[in-house]
Protein chains: 2
Amino acid sequence: MATSEKRHEILRAALELIAEHGFHDAPIAAIAERASVGAGTIYRYFENKDVLITELFQELHDRIWTGLLKGYEPDTSLRERFVHLSTALLRYFIDNPLDFRYLEQYHNSPYGVAFRRDRLLGSGGGGDLYRILLEEGVAQQIVKDIPLVVLFALAFGPLLAVARDHILGFVVLDESLIAQTVQACWDGIKR
Amino acid sequence: MATSEKRHEILRAALELIAEHGFHDAPIAAIAERASVGAGTIYRYFENKDVLITELFQELHDRIWTGLLKGYEPDTSLRERFVHLSTALLRYFIDNPLDFRYLEQYHNSPYGVAFRRDRLLGSGGGGDLYRILLEEGVAQQIVKDIPLVVLFALAFGPLLAVARDHILGFVVLDESLIAQTVQACWDGIKR
DNA sequence: ATTTTCGGAGTGAACATTCACTCCGAAAAA
DNA sequence: TTTTTCGGAGTGAATGTTCACTCCGAAAAT
C-alpha cells in the first residue's frame, strides 16, 4: 500500500468512527483496526490524536468550500447567489452525512470554538464567500442591517438544524423541501 | 448539611463543570470536590454518572419550560405569542449561560438524540407549547406549510446559534438585537 | 547491506465505580 | 438523666478497565 494511501485510510477510518460514535468513543485502537493499520502507524502520520482530528477537519472544510466555489456565478443577483450557495451546502450535507456529523462534533468542541474565534477576526477559508455576500447585501440594503454574526446565525442555524434532522431521520428532505428551507432562510435575513 | 442540599450541591457542581468542560472532562472526582462531598456520596444520590447527567437535564428542562409558561398570554395574536416565547427563551439562555451550555452538550450527544426521538413521537414537556403554536399557525395559513420539524429548525436554529455566539463573546445581544433576531425568526417561518 | 517504515504488545495515567469503614444523632436501656 | 446501642448517611482508598501513546523487533524499500 502506498504511503499516502495509508494516511488516507486512517483519515477515512477516523471520519467514520468519530462521526458515528463521537471523539471519545473512537479510540485509536479502533481507528487503526478499521484502517487496517497498526496503532503505532497512526503516529507516523499524525503527531497525536488532536492533530489527527484537526487535520481531518481542515481537509473536510477545504473540500466543502472548494466544492461550493464550483458552479458559483458571481454575476447573478444577490438572492440567487445566496440561494445557490445555501442549496449546494445543504445538499452536500445530505449527500455526505458522515462529513456533516464530523463537522458538527468538531464545532461543538473546544477546537471548534477556537476555530471560529480565529475565523471571525482574521478570516481565511471559503466561508468568506458568505461573508462578502452578506456584507454586500447589507450595503445594498437588501439584507437586514444587523451584525454579521447574527446574519450567519440566521442563515446557517436552520440549515444545520434541518440537515441534522434529515440525517437522524426525523424528516426527509426532498428537492422541494430543500428549496423551501433555503427560501425561508432568505426570508429571515432579507429586509 | 441537609440531605436534599447535598443532592442540590452535586447537581450544581455537575452543571458548572460539565457546562465548562464537557461530559468527558468532568470526572466524578472533580464534581465531588466542587460539591464538597466524597466521591462515593454521589452514588448515594445517583445510580451512576449517566443517571446524574440525565436527571440534571430533566431538571433544567422542566425549569425552563415552566418559567416560559409564566407570563404566557394565550389570547394574544399568534405572532405576539411566538415573539414572546422566543424572546423569553433567548433571554433565559443569555441570563443562564451554564444552563445553555449544558443543554447544548446534552443535545449534541446520544442522550439528546434519543430524547428528541421520543419527544417527536409521543410528546410531553413544555416544548409542546411551540408545537401547538406552530400547528395553529399552519392551520390559519399564517405560517409556511412545511413539516413541523423544519419549522422548529427555522425558529430554534438561529436562536440557539445566536445565544451560543453571545455566550462565547462573539456578539453582544442587547434588547434591540434580541428583538431583531426574534423578528427575523418570525420572518423565516411566516408565510 | 542499510535505511525507512510498520505494527502491536507494553506502559502508565485517568477514570467510573465499589466497599469496608467512620461518624453521629437518635432511640433504647439503665 | 445518663449510658449504651443502633442505623444509615458519608467517605475515599482500592479496583479493574480503558485509553493514548511508546518502543523496538520485523518487514519492506532502497
Side-chain angles (χ1 to χ4, degrees), chain A residues 1-59 101-102 105-106 108-115, chain B residues 1-59 101-102 105-106 108-112 114:
Chain A
M1 192 188 292
T3 134
S4 76
E5 255 185 82
K6 250 173 215 209
R7 191 189 136 92
H8 185 260
E9 280 303 292
I10 293 167
L11 286 172
R12 193 186 49 76
L15 171 63
E16 290 177 13
L17 285 172
I18 293 175
E20 283 171 33
H21 305 299
F23 292 125
H24 294 282
D25 288 316
I28 289 283
I31 295 175
E33 192 183 2
R34 184 169 295 209
S36 306
V37 141
T41 305
I42 292 182
Y43 291 88
R44 303 203 59 73
Y45 291 91
F46 305 96
E47 194 187 328
N48 56 44
K49 203 183 179 185
D50 272 19
V51 169
L52 166 57
I53 287 171
T54 304
E55 292 197 6
L56 178 49
F57 170 76
Q58 287 293 351
E59 206 136 309
R101 300 259 271 155
Y102 185 88
Q105 304 253 6
Y106 189 88
N108 296 314
S109 79
Y111 307 114
V113 174
F115 174 77
Chain B
M1 193 189 288
T3 133
S4 76
E5 253 185 86
K6 247 171 214 206
R7 192 189 135 91
H8 185 260
E9 279 304 292
I10 292 167
L11 285 172
R12 192 185 50 74
L15 172 64
E16 290 178 13
L17 286 173
I18 293 175
E20 282 170 35
H21 305 299
F23 292 126
H24 295 283
D25 289 316
I28 289 284
I31 295 174
E33 191 183 2
R34 184 170 296 207
S36 307
V37 142
T41 306
I42 291 182
Y43 290 87
R44 303 198 59 77
Y45 292 91
F46 305 95
E47 195 187 325
N48 56 45
K49 202 182 179 185
D50 271 19
V51 169
L52 166 58
I53 286 170
T54 303
E55 292 198 7
L56 178 50
F57 170 75
Q58 286 293 350
E59 208 137 306
R101 300 259 273 155
Y102 185 87
Q105 304 251 7
Y106 190 88
N108 296 314
S109 79
Y111 307 115

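All chains are named by letter (A, B, ...) in the order of the sequence lines, taking the proteins before the strands, and each is independently numbered beginning at 1.
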State whether Arg101(B) and Glu20(B) are salt-bridged, where the test is any N-O pair (Lys NZ or Arg NE/NH1/NH2 against Asp/Glu carboxylate O) under 4.0 Å. no

Of Phe23(A) and Thr41(B), whose nearest nucleotide on DNA chain D comes first from the 5' end? Thr41(B)

For dG16(D), which nucleotide is its Watson-Crick or G-U wobble mate, given both distances must be under 3.5 Å? dC15(C)

Mind calculating the distance between CG (Leu52(B)) and C1' (dT17(C)) to the nearest angstrom? 13 Å

When the nearest nucleotide of DNA chain D is assigned to His24(A) and to Gly40(A) on a heavy-atom basis, which residue is associated with the more 5' position? His24(A)

Is Glu55(B) paired with Arg7(B) through a side-chain N to carboxylate O contact shorter than 4.0 Å? yes

Please check if the side chain of Lys6(A) supplies one atom and the backbone of Tyr45(A) the other of a donor-acceptor pair under 3.5 Å. no

Rounded to the nearest Å, what distance is computed from the CD1 atom of residue Ile28(A) to the P atom of nucleotide dC19(D)? 11 Å

When rounded to whole Å, the CD1 to C1' distance for the pair Ile31(A) and dC19(D) reads 12 Å

Mind calculating the distance between CZ (Arg44(B)) and P (dT18(C)) to the nearest angstrom? 13 Å

Thr54(A) side chain vs Asp50(A) backbone, donor-acceptor pair below 3.5 Å: yes

Starting at CD of Glu47(B) and ending at P of dT17(C), how long is that distance when rounded to a whole Å? 9 Å

Under 4.0 Å between a side-chain N/O of Lys6(A) and OP1 or OP2 of dG7(C), yes or no? yes

dG10(D) OP1/OP2 closer than 4.0 Å to side-chain N/O of Tyr45(B): yes

OH of Tyr43(A) versus C1' of dG8(C): gap in Å, rounded? 13 Å

Expressed in angstrom and rounded to an integer, what is the separation of Ile42(A) atom CD1 from dA9(C) atom C1'? 16 Å

Taking atom P of dC19(D) as reference, at what distance in whole Å does atom CG of Asp50(A) sit? 16 Å

